[in-house]
*Asks:* 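I'd like to ask some things about the structure below.
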Protein chains: 2
Amino acid sequence: MADPSVPDAPLAPAPPSDRKASTKLEESIFAATQRLMEEQAFGDLSVAQILKEAEVSRATFYYYFSSKFTVLVGLLDRAMEDVFATVQPFLLRPSHEEPRVALERSLSAVTDAWRRHRVVLQATNHHWHAVPELRALWLQIVERFVVAGAEEIEREREAGLLQTDVPGRELAAALFWGTERVLYVAGLGVEGSFDDESSTIEALVSMWVGTLYGR
Amino acid sequence: MADPSVPDAPLAPAPPSDRKASTKLEESIFAATQRLMEEQAFGDLSVAQILKEAEVSRATFYYYFSSKFTVLVGLLDRAMEDVFATVQPFLLRPSHEEPRVALERSLSAVTDAWRRHRVVLQATNHHWHAVPELRALWLQIVERFVVAGAEEIEREREAGLLQTDVPGRELAAALFWGTERVLYVAGLGVEGSFDDESSTIEALVSMWVGTLYGR
DNA sequence: CCGCGACCATACATGTTGTCTGCACGCCGC
DNA sequence: GCGGCGTGCAGACAACATGTATGGTCGCGG
(Lines give C-alpha, C1' and ligand atoms only; values in the text may rest on other atoms or scores of the structure.)
Protein backbone atom coordinates (compact mmCIF):
# COMPACT_ATOMS: atom_id res chain seq x y z
CA MET A 1 0.00 0.00 0.00
CA ALA A 2 0.92 3.64 0.03
CA ASP A 3 3.46 5.09 2.39
CA PRO A 4 1.48 5.79 5.56
CA SER A 5 3.16 9.17 5.98
CA VAL A 6 1.38 10.31 2.85
CA PRO A 7 -2.33 9.81 3.43
CA ASP A 8 -3.54 10.37 -0.12
CA ALA A 9 -1.51 9.90 -3.22
CA PRO A 10 -1.28 13.50 -4.37
CA LEU A 11 -0.21 12.55 -7.84
CA ALA A 12 -2.29 10.09 -9.75
CA PRO A 13 -0.19 7.05 -10.46
CA ALA A 14 1.46 7.10 -13.83
CA PRO A 15 -0.39 5.04 -16.37
CA PRO A 16 1.48 1.74 -16.48
CA SER A 17 4.60 2.85 -18.26
CA ASP A 18 5.03 -0.06 -20.61
CA ARG A 19 8.74 0.31 -20.61
CA LYS A 20 10.46 -2.91 -21.40
CA ALA A 21 13.64 -3.66 -19.55
CA SER A 22 16.23 -2.24 -21.85
CA THR A 23 19.05 -4.21 -23.38
CA LYS A 24 22.69 -3.30 -23.06
CA LEU A 25 22.79 -1.58 -26.41
CA GLU A 26 19.63 0.38 -25.80
CA GLU A 27 21.22 1.48 -22.59
CA SER A 28 24.39 2.66 -24.22
CA ILE A 29 22.36 4.62 -26.75
CA PHE A 30 20.56 6.37 -23.93
CA ALA A 31 23.79 7.05 -22.13
CA ALA A 32 25.56 8.28 -25.23
CA THR A 33 22.74 10.62 -26.11
CA GLN A 34 22.62 12.01 -22.61
CA ARG A 35 26.37 12.54 -22.72
CA LEU A 36 26.24 14.33 -26.05
CA MET A 37 23.38 16.50 -24.92
CA GLU A 38 25.47 17.95 -22.14
CA GLU A 39 27.66 19.62 -24.71
CA GLN A 40 25.44 20.18 -27.66
CA ALA A 41 21.79 20.99 -28.16
CA PHE A 42 19.74 17.90 -28.82
CA GLY A 43 18.39 19.47 -31.95
CA ASP A 44 21.86 19.70 -33.42
CA LEU A 45 22.73 16.09 -32.76
CA SER A 46 22.75 13.82 -35.75
CA VAL A 47 22.00 10.15 -35.52
CA ALA A 48 25.48 9.55 -36.87
CA GLN A 49 26.97 11.25 -33.83
CA ILE A 50 24.97 9.10 -31.50
CA LEU A 51 26.03 5.98 -33.35
CA LYS A 52 29.64 6.89 -32.94
CA GLU A 53 29.36 7.84 -29.29
CA ALA A 54 27.39 4.72 -28.45
CA GLU A 55 29.52 2.51 -30.67
CA VAL A 56 26.49 1.02 -32.25
CA SER A 57 25.59 0.48 -35.85
CA ARG A 58 22.97 2.37 -37.73
CA ALA A 59 20.89 -0.74 -38.20
CA THR A 60 20.90 -1.45 -34.50
CA PHE A 61 19.86 2.05 -33.67
CA TYR A 62 16.83 1.90 -35.90
CA TYR A 63 16.08 -1.55 -34.58
CA TYR A 64 15.45 -0.08 -31.14
CA PHE A 65 14.36 3.44 -31.91
CA SER A 66 12.44 4.93 -34.75
CA SER A 67 14.30 8.22 -34.62
CA LYS A 68 16.44 10.23 -32.26
CA PHE A 69 13.28 11.65 -30.78
CA THR A 70 12.25 8.26 -29.53
CA VAL A 71 15.46 8.27 -27.55
CA LEU A 72 14.46 11.57 -26.04
CA VAL A 73 11.08 10.15 -25.11
CA GLY A 74 12.86 7.40 -23.23
CA LEU A 75 15.11 9.83 -21.45
CA LEU A 76 12.18 12.01 -20.47
CA ASP A 77 10.31 9.01 -19.18
CA ARG A 78 13.21 8.11 -16.93
CA ALA A 79 13.79 11.66 -15.82
CA MET A 80 10.20 12.14 -14.84
CA GLU A 81 10.23 9.08 -12.67
CA ASP A 82 12.81 10.82 -10.55
CA VAL A 83 11.06 14.17 -10.70
CA PHE A 84 7.78 12.72 -9.54
CA ALA A 85 9.47 10.86 -6.77
CA THR A 86 11.20 14.02 -5.65
CA VAL A 87 8.15 16.20 -5.76
CA GLN A 88 5.62 13.73 -4.47
CA PRO A 89 6.25 14.33 -0.75
CA PHE A 90 5.70 18.05 -1.10
CA LEU A 91 2.40 18.16 -2.84
CA LEU A 92 0.22 17.90 0.21
CA ARG A 93 0.55 20.73 2.64
CA PRO A 94 0.75 19.45 6.20
CA SER A 95 -1.96 21.38 7.99
CA HIS A 96 0.42 22.70 10.59
CA GLU A 97 2.59 24.40 7.99
CA GLU A 98 2.25 27.90 6.63
CA PRO A 99 1.26 27.92 2.96
CA ARG A 100 4.25 30.05 2.11
CA VAL A 101 6.64 27.65 3.77
CA ALA A 102 5.06 24.62 2.14
CA LEU A 103 5.21 26.26 -1.27
CA GLU A 104 8.77 27.29 -0.76
CA ARG A 105 9.75 23.72 0.01
CA SER A 106 7.86 22.39 -3.00
CA LEU A 107 9.29 24.92 -5.37
CA SER A 108 12.80 24.33 -4.13
CA ALA A 109 12.34 20.63 -4.66
CA VAL A 110 11.05 21.20 -8.16
CA THR A 111 13.89 23.55 -8.97
CA ASP A 112 16.35 20.98 -7.79
CA ALA A 113 14.79 18.26 -9.86
CA TRP A 114 14.71 20.55 -12.84
CA ARG A 115 18.38 21.27 -12.51
CA ARG A 116 19.21 17.60 -12.21
CA HIS A 117 17.46 16.86 -15.48
CA ARG A 118 17.99 20.17 -17.15
CA VAL A 119 19.23 18.99 -20.52
CA VAL A 120 16.47 16.49 -21.03
CA LEU A 121 13.77 18.90 -19.95
CA GLN A 122 15.24 21.59 -22.13
CA ALA A 123 15.24 19.31 -25.14
CA THR A 124 11.68 18.30 -24.37
CA ASN A 125 10.73 21.93 -24.22
CA HIS A 126 12.28 22.50 -27.59
CA HIS A 127 10.68 19.64 -29.40
CA TRP A 128 7.42 18.54 -27.88
CA HIS A 129 5.51 20.88 -30.10
CA ALA A 130 6.73 19.11 -33.22
CA VAL A 131 7.03 15.47 -32.23
CA PRO A 132 3.71 13.74 -31.59
CA GLU A 133 5.12 11.01 -29.38
CA LEU A 134 6.97 13.52 -27.24
CA ARG A 135 4.05 15.88 -27.15
CA ALA A 136 1.74 13.18 -25.89
CA LEU A 137 4.09 12.19 -23.11
CA TRP A 138 4.79 15.75 -22.06
CA LEU A 139 1.14 16.73 -22.01
CA GLN A 140 0.39 13.67 -19.96
CA ILE A 141 3.05 14.70 -17.46
CA VAL A 142 1.68 18.22 -17.35
CA GLU A 143 -1.78 16.82 -16.79
CA ARG A 144 -0.63 14.90 -13.74
CA PHE A 145 0.84 18.02 -12.21
CA VAL A 146 -2.09 20.21 -13.05
CA VAL A 147 -4.63 17.76 -11.71
CA ALA A 148 -2.67 17.33 -8.49
CA GLY A 149 -2.32 21.09 -8.16
CA ALA A 150 -5.97 21.73 -8.87
CA GLU A 151 -7.04 19.20 -6.25
CA GLU A 152 -4.83 20.72 -3.62
CA ILE A 153 -6.13 24.15 -4.51
CA GLU A 154 -9.76 23.07 -4.20
CA ARG A 155 -8.95 21.53 -0.86
CA GLU A 156 -7.55 24.83 0.34
CA ARG A 157 -10.56 26.61 -0.99
CA GLU A 158 -12.90 24.38 0.95
CA ALA A 159 -10.90 25.20 4.04
CA GLY A 160 -11.73 28.82 3.34
CA LEU A 161 -8.13 29.83 2.77
CA LEU A 162 -8.36 31.10 -0.78
CA GLN A 163 -9.00 34.64 -1.89
CA THR A 164 -9.94 33.93 -5.45
CA ASP A 165 -12.90 32.29 -7.09
CA VAL A 166 -11.12 31.33 -10.28
CA PRO A 167 -11.39 27.55 -10.73
CA GLY A 168 -8.50 25.54 -9.33
CA ARG A 169 -7.78 23.92 -12.64
CA GLU A 170 -7.19 27.26 -14.38
CA LEU A 171 -5.03 28.51 -11.56
CA ALA A 172 -3.03 25.33 -11.39
CA ALA A 173 -2.46 25.34 -15.13
CA ALA A 174 -1.40 28.97 -15.24
CA LEU A 175 0.93 28.53 -12.29
CA PHE A 176 2.37 25.32 -13.63
CA TRP A 177 3.16 26.69 -17.06
CA GLY A 178 4.47 29.89 -15.61
CA THR A 179 6.78 28.06 -13.27
CA GLU A 180 7.93 25.71 -15.97
CA ARG A 181 8.78 28.62 -18.20
CA VAL A 182 10.68 30.48 -15.54
CA LEU A 183 12.73 27.41 -14.71
CA TYR A 184 13.39 26.88 -18.39
CA VAL A 185 14.60 30.41 -18.94
CA ALA A 186 16.62 30.34 -15.75
CA GLY A 187 18.25 27.14 -16.96
CA LEU A 188 19.25 28.76 -20.22
CA GLY A 189 21.47 31.17 -18.39
CA VAL A 190 20.20 34.13 -20.35
CA GLU A 191 22.15 37.14 -19.19
CA GLY A 192 20.13 39.36 -16.89
CA SER A 193 17.19 37.07 -16.20
CA PHE A 194 16.96 34.91 -13.14
CA ASP A 195 20.69 35.00 -12.60
CA ASP A 196 20.39 34.18 -8.97
CA GLU A 197 18.61 30.97 -8.16
CA SER A 198 17.43 31.83 -4.71
CA SER A 199 15.80 35.07 -5.76
CA THR A 200 14.21 33.23 -8.65
CA ILE A 201 12.62 30.87 -6.18
CA GLU A 202 11.51 33.81 -4.10
CA ALA A 203 9.78 35.31 -7.08
CA LEU A 204 8.04 32.02 -7.81
CA VAL A 205 6.95 31.66 -4.21
CA SER A 206 5.54 35.17 -4.31
CA MET A 207 3.68 34.28 -7.43
CA TRP A 208 2.11 31.15 -5.99
CA VAL A 209 1.34 32.60 -2.60
CA GLY A 210 -0.03 35.79 -4.03
CA THR A 211 -2.13 34.11 -6.66
CA LEU A 212 -3.67 31.64 -4.27
CA TYR A 213 -3.76 33.14 -0.83
CA GLY A 214 -3.23 36.77 -1.60
CA ARG A 215 -0.06 38.30 -0.29
CA MET B 1 7.14 64.76 -28.88
CA ALA B 2 5.21 62.01 -27.16
CA ASP B 3 1.49 61.81 -27.12
CA PRO B 4 0.48 64.17 -24.31
CA SER B 5 -2.12 61.70 -23.01
CA VAL B 6 0.76 59.43 -22.07
CA PRO B 7 3.04 61.35 -19.72
CA ASP B 8 6.00 59.00 -19.77
CA ALA B 9 6.84 56.59 -22.48
CA PRO B 10 6.22 53.33 -20.65
CA LEU B 11 8.12 51.31 -23.18
CA ALA B 12 11.59 52.37 -24.08
CA PRO B 13 11.65 53.21 -27.77
CA ALA B 14 12.75 50.35 -29.93
CA PRO B 15 16.35 50.62 -30.97
CA PRO B 16 16.29 52.14 -34.45
CA SER B 17 14.99 49.19 -36.39
CA ASP B 18 17.24 49.41 -39.41
CA ARG B 19 14.62 47.92 -41.62
CA LYS B 20 15.06 48.95 -45.19
CA ALA B 21 11.96 49.61 -47.15
CA SER B 22 11.24 46.26 -48.68
CA THR B 23 11.00 45.60 -52.36
CA LYS B 24 8.07 44.01 -54.06
CA LEU B 25 9.64 40.58 -54.09
CA GLU B 26 10.69 40.74 -50.48
CA GLU B 27 7.14 41.64 -49.71
CA SER B 28 5.72 38.69 -51.57
CA ILE B 29 8.09 36.38 -49.76
CA PHE B 30 6.86 37.71 -46.44
CA ALA B 31 3.28 37.39 -47.53
CA ALA B 32 3.74 33.90 -48.91
CA THR B 33 5.44 32.71 -45.76
CA GLN B 34 2.74 34.16 -43.58
CA ARG B 35 0.12 32.49 -45.74
CA LEU B 36 1.83 29.11 -45.56
CA MET B 37 2.28 29.39 -41.83
CA GLU B 38 -1.46 29.59 -41.33
CA GLU B 39 -1.77 26.03 -42.53
CA GLN B 40 1.51 24.44 -41.67
CA ALA B 41 4.00 24.77 -38.87
CA PHE B 42 6.84 27.07 -39.81
CA GLY B 43 9.31 24.37 -38.92
CA ASP B 44 7.86 22.08 -41.54
CA LEU B 45 8.04 24.62 -44.31
CA SER B 46 10.76 24.12 -46.87
CA VAL B 47 12.33 26.94 -48.75
CA ALA B 48 11.07 25.28 -51.91
CA GLN B 49 7.49 25.72 -50.74
CA ILE B 50 8.01 29.36 -50.06
CA LEU B 51 9.56 29.83 -53.48
CA LYS B 52 6.56 28.29 -55.14
CA GLU B 53 4.02 30.20 -53.07
CA ALA B 54 5.81 33.50 -53.59
CA GLU B 55 6.58 32.77 -57.23
CA VAL B 56 10.16 33.69 -56.76
CA SER B 57 13.34 31.94 -57.74
CA ARG B 58 15.71 30.28 -55.35
CA ALA B 59 18.46 32.71 -56.20
CA THR B 60 16.25 35.67 -55.48
CA PHE B 61 15.21 34.27 -52.16
CA TYR B 62 18.77 33.88 -50.99
CA TYR B 63 19.54 37.30 -52.36
CA TYR B 64 17.21 38.86 -49.82
CA PHE B 65 17.29 36.36 -46.98
CA SER B 66 19.98 34.11 -45.68
CA SER B 67 17.55 31.39 -44.64
CA LYS B 68 13.88 30.93 -43.94
CA PHE B 69 14.54 32.05 -40.39
CA THR B 70 15.53 35.47 -41.56
CA VAL B 71 12.05 35.72 -43.01
CA LEU B 72 10.65 34.88 -39.62
CA VAL B 73 12.78 37.57 -38.03
CA GLY B 74 11.25 40.06 -40.43
CA LEU B 75 7.74 38.90 -39.67
CA LEU B 76 8.35 39.10 -35.95
CA ASP B 77 9.73 42.57 -36.29
CA ARG B 78 6.61 43.71 -38.07
CA ALA B 79 4.30 41.91 -35.68
CA MET B 80 5.92 43.45 -32.66
CA GLU B 81 5.46 46.91 -34.01
CA ASP B 82 1.76 46.32 -33.85
CA VAL B 83 1.91 44.59 -30.49
CA PHE B 84 3.84 47.42 -28.89
CA ALA B 85 1.49 49.96 -30.35
CA THR B 86 -1.48 48.03 -28.98
CA VAL B 87 -0.08 47.50 -25.54
CA GLN B 88 1.57 50.87 -25.09
CA PRO B 89 -1.49 52.74 -23.86
CA PHE B 90 -2.15 50.22 -21.13
CA LEU B 91 1.17 50.07 -19.44
CA LEU B 92 0.72 52.99 -17.12
CA ARG B 93 -2.05 52.66 -14.61
CA PRO B 94 -4.10 55.82 -14.44
CA SER B 95 -4.10 56.64 -10.76
CA HIS B 96 -7.86 56.72 -10.57
CA GLU B 97 -8.16 53.14 -11.74
CA GLU B 98 -8.20 50.00 -9.62
CA PRO B 99 -5.11 47.85 -10.20
CA ARG B 100 -7.28 44.87 -11.05
CA VAL B 101 -9.18 46.80 -13.67
CA ALA B 102 -6.02 48.22 -15.18
CA LEU B 103 -4.42 44.81 -15.34
CA GLU B 104 -7.49 43.28 -16.85
CA ARG B 105 -7.46 45.85 -19.62
CA SER B 106 -3.76 45.35 -20.27
CA LEU B 107 -3.98 41.60 -20.31
CA SER B 108 -6.97 41.68 -22.61
CA ALA B 109 -5.07 43.91 -24.96
CA VAL B 110 -2.07 41.62 -24.92
CA THR B 111 -4.23 38.58 -25.49
CA ASP B 112 -5.82 40.27 -28.44
CA ALA B 113 -2.49 41.19 -29.93
CA TRP B 114 -1.22 37.70 -29.35
CA ARG B 115 -4.15 36.23 -31.18
CA ARG B 116 -3.68 38.58 -34.09
CA HIS B 117 -0.10 37.46 -34.51
CA ARG B 118 -0.45 33.96 -33.21
CA VAL B 119 1.33 32.08 -35.95
CA VAL B 120 4.35 34.32 -35.98
CA LEU B 121 4.65 34.34 -32.21
CA GLN B 122 4.22 30.61 -32.12
CA ALA B 123 6.96 30.09 -34.65
CA THR B 124 9.19 32.47 -32.71
CA ASN B 125 8.52 30.48 -29.61
CA HIS B 126 9.50 27.32 -31.39
CA HIS B 127 12.73 28.53 -32.85
CA TRP B 128 14.28 31.35 -30.91
CA HIS B 129 16.28 28.94 -28.83
CA ALA B 130 18.10 27.63 -31.86
CA VAL B 131 18.44 30.62 -34.17
CA PRO B 132 20.83 33.30 -32.92
CA GLU B 133 19.32 36.12 -34.94
CA LEU B 134 15.83 35.28 -33.77
CA ARG B 135 16.95 34.73 -30.22
CA ALA B 136 18.56 38.14 -30.07
CA LEU B 137 15.47 39.88 -31.36
CA TRP B 138 13.12 37.99 -29.08
CA LEU B 139 15.22 38.59 -25.98
CA GLN B 140 15.39 42.25 -26.85
CA ILE B 141 11.61 42.34 -27.09
CA VAL B 142 11.29 40.54 -23.79
CA GLU B 143 13.68 43.01 -22.24
CA ARG B 144 11.54 45.93 -23.26
CA PHE B 145 8.50 44.40 -21.64
CA VAL B 146 10.30 43.35 -18.52
CA VAL B 147 11.93 46.73 -18.02
CA ALA B 148 8.64 48.51 -18.51
CA GLY B 149 6.93 46.13 -16.12
CA ALA B 150 9.63 46.44 -13.51
CA GLU B 151 9.46 50.21 -13.62
CA GLU B 152 5.72 50.24 -13.20
CA ILE B 153 6.05 47.81 -10.32
CA GLU B 154 8.64 49.94 -8.54
CA ARG B 155 6.40 52.94 -9.01
CA GLU B 156 3.57 51.09 -7.30
CA ARG B 157 5.89 50.01 -4.55
CA GLU B 158 6.92 53.58 -3.86
CA ALA B 159 3.27 54.44 -3.61
CA GLY B 160 3.08 51.85 -0.86
CA LEU B 161 0.69 49.60 -2.76
CA LEU B 162 2.76 46.45 -2.94
CA GLN B 163 2.75 43.58 -0.53
CA THR B 164 5.98 41.97 -1.58
CA ASP B 165 9.59 42.95 -1.27
CA VAL B 166 10.85 40.84 -4.15
CA PRO B 167 12.58 43.14 -6.66
CA GLY B 168 10.38 44.45 -9.46
CA ARG B 169 12.64 43.06 -12.11
CA GLU B 170 12.27 39.48 -10.85
CA LEU B 171 8.53 39.82 -10.50
CA ALA B 172 8.14 41.38 -13.90
CA ALA B 173 10.23 38.69 -15.51
CA ALA B 174 8.38 35.83 -13.83
CA LEU B 175 5.01 37.33 -14.69
CA PHE B 176 6.01 38.10 -18.23
CA TRP B 177 7.29 34.63 -18.99
CA GLY B 178 4.37 33.03 -17.23
CA THR B 179 1.88 35.06 -19.21
CA GLU B 180 3.68 34.41 -22.44
CA ARG B 181 3.62 30.70 -21.81
CA VAL B 182 -0.04 30.64 -20.93
CA LEU B 183 -0.94 32.55 -24.07
CA TYR B 184 1.22 30.22 -26.09
CA VAL B 185 -0.39 27.08 -24.71
CA ALA B 186 -3.83 28.61 -25.03
CA GLY B 187 -3.06 29.39 -28.66
CA LEU B 188 -2.12 25.80 -29.34
CA GLY B 189 -5.62 24.68 -28.60
CA VAL B 190 -4.46 21.83 -26.42
CA GLU B 191 -7.52 19.97 -25.31
CA GLY B 192 -8.41 20.71 -21.70
CA SER B 193 -6.17 23.67 -21.06
CA PHE B 194 -7.31 27.23 -21.33
CA ASP B 195 -10.21 26.28 -23.57
CA ASP B 196 -12.14 29.37 -22.68
CA GLU B 197 -10.41 32.62 -23.39
CA SER B 198 -12.19 34.75 -20.87
CA SER B 199 -11.46 32.43 -17.97
CA THR B 200 -7.87 32.25 -19.10
CA ILE B 201 -7.66 36.01 -18.81
CA GLU B 202 -9.29 35.81 -15.41
CA ALA B 203 -6.63 33.39 -14.25
CA LEU B 204 -3.90 35.67 -15.54
CA VAL B 205 -5.43 38.67 -13.86
CA SER B 206 -5.59 36.75 -10.61
CA MET B 207 -1.98 35.86 -11.01
CA TRP B 208 -0.84 39.42 -11.57
CA VAL B 209 -3.05 41.01 -8.97
CA GLY B 210 -2.25 38.37 -6.39
CA THR B 211 1.46 38.43 -7.01
CA LEU B 212 1.74 42.18 -6.86
CA TYR B 213 -0.97 43.52 -4.64
CA GLY B 214 -2.03 40.43 -2.76
CA ARG B 215 -5.63 39.26 -3.14
C1' DC C 1 25.55 -28.77 -35.92
C1' DC C 2 21.92 -26.10 -37.45
C1' DG C 3 19.07 -22.17 -37.13
C1' DC C 4 17.95 -17.91 -35.44
C1' DG C 5 18.36 -13.68 -33.14
C1' DA C 6 21.42 -9.90 -32.42
C1' DC C 7 24.49 -7.13 -34.59
C1' DC C 8 27.58 -4.89 -38.12
C1' DA C 9 29.25 -2.52 -42.49
C1' DT C 10 27.78 -0.48 -46.30
C1' DA C 11 25.07 1.22 -49.88
C1' DC C 12 21.16 3.65 -51.23
C1' DA C 13 16.93 6.64 -52.25
C1' DT C 14 15.22 10.74 -50.88
C1' DG C 15 14.81 15.34 -49.38
C1' DT C 16 16.73 19.74 -47.90
C1' DT C 17 19.93 23.47 -47.85
C1' DG C 18 22.79 27.02 -49.60
C1' DT C 19 25.95 28.17 -53.50
C1' DC C 20 27.14 28.84 -58.17
C1' DT C 21 26.91 29.54 -63.16
C1' DG C 22 24.97 31.41 -67.04
C1' DC C 23 21.35 33.86 -69.15
C1' DA C 24 17.53 37.49 -69.97
C1' DC C 25 15.52 41.78 -69.49
C1' DG C 26 15.01 46.76 -68.71
C1' DC C 27 16.63 51.17 -67.48
C1' DC C 28 20.02 54.93 -67.13
C1' DG C 29 23.94 57.65 -68.56
C1' DC C 30 26.74 58.73 -72.24
C1' DG D 1 21.83 53.80 -79.80
C1' DC D 2 24.95 51.38 -76.90
C1' DG D 3 27.09 49.55 -72.97
C1' DG D 4 26.75 48.43 -68.24
C1' DC D 5 24.45 47.27 -64.19
C1' DG D 6 20.83 45.91 -61.20
C1' DT D 7 17.36 42.61 -60.82
C1' DG D 8 15.65 38.39 -61.59
C1' DC D 9 15.34 33.50 -63.53
C1' DA D 10 16.39 28.46 -64.37
C1' DG D 11 18.83 24.84 -63.23
C1' DA D 12 22.81 22.33 -61.65
C1' DC D 13 25.34 21.15 -57.78
C1' DA D 14 27.80 19.63 -53.30
C1' DA D 15 27.04 18.56 -48.75
C1' DC D 16 24.56 16.43 -45.46
C1' DA D 17 20.87 13.97 -42.82
C1' DT D 18 17.42 10.50 -42.59
C1' DG D 19 15.47 6.04 -42.75
C1' DT D 20 15.61 1.61 -45.36
C1' DA D 21 17.51 -2.35 -47.43
C1' DT D 22 21.05 -6.03 -48.35
C1' DG D 23 24.04 -9.34 -47.04
C1' DG D 24 27.26 -11.05 -43.91
C1' DT D 25 29.29 -12.39 -39.06
C1' DC D 26 29.00 -14.20 -34.53
C1' DG D 27 27.33 -16.87 -30.59
C1' DC D 28 24.07 -19.60 -28.27
C1' DG D 29 20.35 -22.89 -27.45
C1' DG D 30 17.91 -26.92 -29.18
Side-chain angles (χ1 to χ4, degrees), chain A residues 19-37 39-76 123-124 126-135, chain B residues 18-37 39-76 123-124 126-136:
Chain A
R19 247 173 53 202
K20 292 101 185 164
S22 43
T23 72
K24 213 174 257 173
L25 289 200
E26 226 174 329
E27 212 49 53
S28 63
I29 291 176
F30 279 132
T33 305
Q34 178 89 45
R35 230 173 301 136
L36 289 171
M37 270 196 296
E39 316 199 334
Q40 196 176 151
F42 180 80
D44 293 338
L45 289 182
S46 72
V47 174
Q49 269 176 285
I50 299 177
L51 302 185
K52 194 159 79 172
E53 180 77 16
E55 298 180 286
V56 148
S57 82
R58 196 169 197 75
T60 302
F61 180 90
Y62 281 105
Y63 176 76
Y64 288 111
F65 302 97
S66 56
S67 84
K68 67 174 180 174
F69 294 107
T70 312
V71 181
L72 181 54
V73 169
L75 288 173
L76 176 59
T124 300
H126 292 160
H127 300 288
W128 69 265
H129 72 89
V131 185
E133 214 182 338
L134 190 58
R135 180 199 191 96
Chain B
D18 48 351
R19 248 172 53 201
K20 292 102 184 163
S22 45
T23 71
K24 213 175 256 172
L25 290 197
E26 229 174 326
E27 212 49 53
S28 63
I29 291 175
F30 279 131
T33 305
Q34 177 88 45
R35 231 173 299 137
L36 289 170
M37 270 196 294
E39 316 198 334
Q40 196 175 151
F42 180 80
D44 293 338
L45 288 182
S46 72
V47 175
Q49 269 175 284
I50 299 177
L51 302 184
K52 194 159 78 172
E53 179 77 16
E55 296 180 286
V56 148
S57 81
R58 195 170 198 77
T60 301
F61 179 90
Y62 281 104
Y63 177 77
Y64 287 112
F65 302 96
S66 55
S67 83
K68 68 174 179 173
F69 294 107
T70 312
V71 181
L72 181 54
V73 168
L75 289 172
L76 176 60
T124 299
H126 293 160
H127 300 289
W128 69 266
H129 71 90
V131 184
E133 214 183 338
L134 190 57
R135 179 197 191 98

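Proteins get letters first, then strands, A, B, ... in listed order; numbering begins at 1 in each.
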*Asks:* Check B:Glu53 against B:Ala32 and note the closest heavy-atom contact, atom names and distance.
*Replies:*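 What the structure gives for the nearest pair is CG-CB, 3.4 Å.
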*Asks:* Assuming nearest nucleotide by heavy-atom distance, tell me which of B:Ala59 and A:Phe61 is located more 5' along DNA chain D.
*Replies:*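 The residue closer to the strand's 5' end, by nearest nucleotide, is B:Ala59.
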*Asks:* Can you tabulate the close N/O pairs, meaning under 3.5 Å, that link protein atoms to atoms of nucleotides 3-7 of chain C?
*Replies:*
from: C:dA6; atom 1: OP2; to: A:Tyr63; atom 2: OH; distance (Å): 3.1
from: C:dC7; atom 1: OP2; to: A:Tyr64; atom 2: OH; distance (Å): 2.5

*Asks:* What do you reckon, are the aromatic ring centroids of B:Phe65 and B:Phe30 less than 6.0 Å apart?
*Replies:*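 Judged by ring-centre distance (under 6.0 Å), B:Phe65 and B:Phe30 do meet the cut-off.
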*Asks:* Determine whether A:Leu51 and A:Ser57 make a side-chain contact, defined as any pair of heavy atoms from C-beta on separated by less than 4.5 Å.
*Replies:*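 When only atoms from C-beta onward are counted, A:Ser57 and A:Leu51 do not touch, as no gap falls below 4.5 Å.
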*Asks:* Pick base, sugar-phosphate or nothing for A:Gln49, based on heavy-atom distances below 4.0 Å to the nucleic acid.
*Replies:*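 Contact class for A:Gln49: none.
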*Asks:* Calculate, to the nearest 0.5 Å, the distance between atoms CD and CG belonging to A:Glu133 and A:Leu76 respectively.
*Replies:*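 Going from CD on A:Glu133 over to CG on A:Leu76, the span is 11.0 Å.
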*Asks:* Going by side-chain contact (heavy atoms from CB on, under 4.5 Å), A:Met37 matches just one of A:Asp44, A:Ile50, A:Leu45. Which one?
*Replies:*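 Answer after filtering A:Asp44, A:Ile50, A:Leu45: A:Leu45.
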*Asks:* Which atom pair, heavy atoms only, marks the closest approach of B:Phe42 to B:Ala123?
*Replies:*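 Residues B:Phe42 and B:Ala123, closest heavy atoms: CB-CB, 3.7 Å.
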*Asks:* Can you tell me how far apart OG1 (B:Thr33) and CD (B:Gln49) are? Round to the nearest 0.5 Å.
*Replies:*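 Those atoms lie 10.0 Å apart.
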*Asks:* Under a 4.5 Å cut-off applied to non-hydrogen side-chain atoms, are B:Phe61 and B:Val71 in contact?
*Replies:*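 A side-chain contact exists here, since the closest heavy-atom pair is under 4.5 Å.
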*Asks:* First and last nucleotide of DNA chain D touching chain A, 5' to 3', heavy-atom cut-off 4.0 Å?
*Replies:*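 Taking any atom under 4.0 Å from a heavy atom of chain A, the span is D:dT18 to D:dT20.
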